[in-house]
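Before any comments, here is the structure.
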Amino acid sequence: MEGIKRRILYRDFGYERLFCDFGTVIGKYGCASCDKEALAELYYGCMHELTELASKCGFTGNLWQKFLTFLLVSHENAYSRSCEMKKGAKGTLYEMAKCDAAVFLELFHFDFHRIEPALGVFGADMIMNFQGTGESEVFGTRIRDRIGKLSRELHAAEDAGSFLLAVTAFYQEFGVGTLGLHKAFRVEHTDRQAAIVPISNIAHVNLSDLTGYEIAKKKLTDNTEAFVCGRKANNCLLYGDAGTGKSTSIKAIANQYYDRGLRLIELYKHQFQDLHDVIARIKNRGYKFIIYMDDLSFEDFEIEYKYLKAVIEGGLEKKPDNILIYATSNRRHLIREKFSDKAQLSDDLHNNDTVQEKLSLAARFGVQIYFGAPDKKQFGEIIKSLARKHRIQMGEEELLLEANKWELGHGGRSGRTAQQFIDYLLGNGGH
């Protein structure tokens with residue numbers, strides 16, 4: 001099948017070697033002069049790698065077609081990025097993509113049963129009717145199922161034009177590549193640049209799971225809604241007592257707005273050196289990005305906050321409109337302050353400047369949301385809500401009595417303490 005070499009846009013896949021090895025088997029299995037033993041070995045090796053990929057991604061059914069679909073939705077190129085930006089692609093770029101679609105359409109309908117008698121191999125039924133667990137280590141259920149749906153649409157396509165139309169619709173709905181298929185990411189530093197790595201198992205929490213804090217949740221939702229809709233929005237600082245749901249709220253926002261193009265990138269303060277690199281890689285993509293900094297605070301001897309200040313606001317380059325920074329902290333002002341900072345007599349002749357320098361980082365966050373520890377009544381409401389959710393079979397009076405005993409020995413009243421108490425009950429037959 002020589003057509004596999006005539007790709008223009010869809011080249012250099014993440015699984016390019018596996019794709020080309022399959023192409024070699026498909027292209028040469030009927031050749032009388034080929035080394036059939038070597039081709040058979042290559043075929044089994046391809047089957048092995050394909051099965052490993054399917055198990056990771058949760059694919060079932062026709063693994064060959066799922067593999068080709070996976071390559072198409074993962075590949076970033078001039079055409080797929082243009083579709084992601086909702087610009088569409090016409091003219092020469094469209095014609096190039098259509099030529100590549102014709103290659104994939106032919107591959108899509110290849111029947112591996114044709115290889116078996118020619119090479120004396122088996123396994124076509126296994127890879128064309130694969131029955132697996134369906135559990136995915138890579139994708140959420142929704143994306144895994146949507147890839148399956150696209151695979152069926154591509155199988156039904158009558159020509160290259162309708163084949164490309166189905167792929168284009170996917171790009172416009174979900175985007176393309178790693179940033180399109182995942183909702184949350186972490187940053188890992190490599191020798192050359194910062195790598196944006198997907199987090200496959202973000203907790204599936206909703207804001208409704210957080211009992212109370214209605215004003216705080218509304219402020220967070222209103223700001224995020226404006227951001228996702230393309231209106232002006234602010235960087236957010238969620239501050240307050242430990243265990244009150246600050247981090248949970250950020251995760252809930254990522255889940256709530258994923259379908260509308262919101263992505264979350266987690267970054268720690270020791271990675272600030274990579275911040276410019278991360279921003280450069282995401283500023284021209286068709287998504288809205290929240291760079292998430294959890295438990296952000298600085299000791300008075302740490303100077304990384306100055307770098308963060310310049311990035312957030314104040315550098316020569318304008319901050320991209322598709323990026324905001326959301327941070328959580330137990331400190332409102334983020335940087336430790338000492339009485340010596342405010343002393344009337346100090347070695348610093350411009351003492352007020354020193355104080356303002358430390359306060360100015362928090363001022364870069366236009367929305368500041370307080371999460372305070374619940375009082376006794378609010379703590380009881382959280383306990384009762386969690387008990388109902390987990391179907392704890394215990395009288396209300398006894399439940400609250402035991403919860404109050406628990407919080408006295410476990411760090412005081414907070415949503416985290418309440419969840420730990422419920423987990424204790426569940427683990428000890430309290431339901």
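In what follows, residues are counted from 1 in the order of the sequence shown. If you're wondering where the values come from, they're calculated on a predicted model, not measured in any experiment.
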Are Phe112 and Phe110 close enough that their ring centres sit under 6.0 Å apart?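 Ring centres of Phe110 and Phe112 closer than 6.0 Å.
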How long is the straight-line distance from OG1 of Thr211 back to NZ of Lys384, given to the nearest 0.5 Å?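 Nearest 0.5 Å value for the NZ-OG1 distance: 11.0 Å.
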For Asp159 and Gly161, indicate whether the former's side chain and the latter's backbone hold a donor-acceptor pair under 3.5 Å.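 At least one qualifying donor-acceptor pair exists.
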Is there a donor-acceptor pair closer than 3.5 Å between any side-chain N or O of Thr221 and the backbone N or O of Lys217?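 Pair found, side chain donor or acceptor close to backbone of Lys217.
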Under the criterion ring pair (Phe, Tyr, Trp, His ring centres under 6.0 Å), I'd like the reasoning laid out for Phe108 against Trp64: C-alpha separation, chi angles, the key distance, then a yes or no. CA-CA 8 Å; Phe108 228 77; Trp64 172 241; 8.5 Å; no
Does a donor on one side chain and an acceptor on the other come within less than 3.5 Å for [X] and [Y]?
{"X": "Tyr292", "Y": "Asp294", "result": "yes"}
{"X": "Gln271", "Y": "His189", "result": "no"}
{"X": "Tyr213", "Y": "Thr244", "result": "no"}

Ionic contact status for [Y] with [X], cut-off 4.0 Å:
{"X": "Lys56", "Y": "Glu137", "result": "no"}
{"X": "Asp145", "Y": "Lys149", "result": "no"}
{"X": "Glu16", "Y": "Arg11", "result": "no"}

Students often mix this up, so state it plainly: with edges at 30° and 60°, are the rings of Phe19 and Phe67 parallel, tilted or perpendicular?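 Taking Phe67 first and then Phe19, their aromatic rings sit tilted (interplane angle of 30° to 60°).
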Of Arg231, Arg260, Lys288, which meets salt bridge (Lys or Arg N to Asp or Glu O under 4.0 Å) against Glu225?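 Testing each of Arg231, Arg260, Lys288 against Glu225, the sole residue satisfying salt bridge (Lys or Arg N to Asp or Glu O under 4.0 Å) is Arg260.
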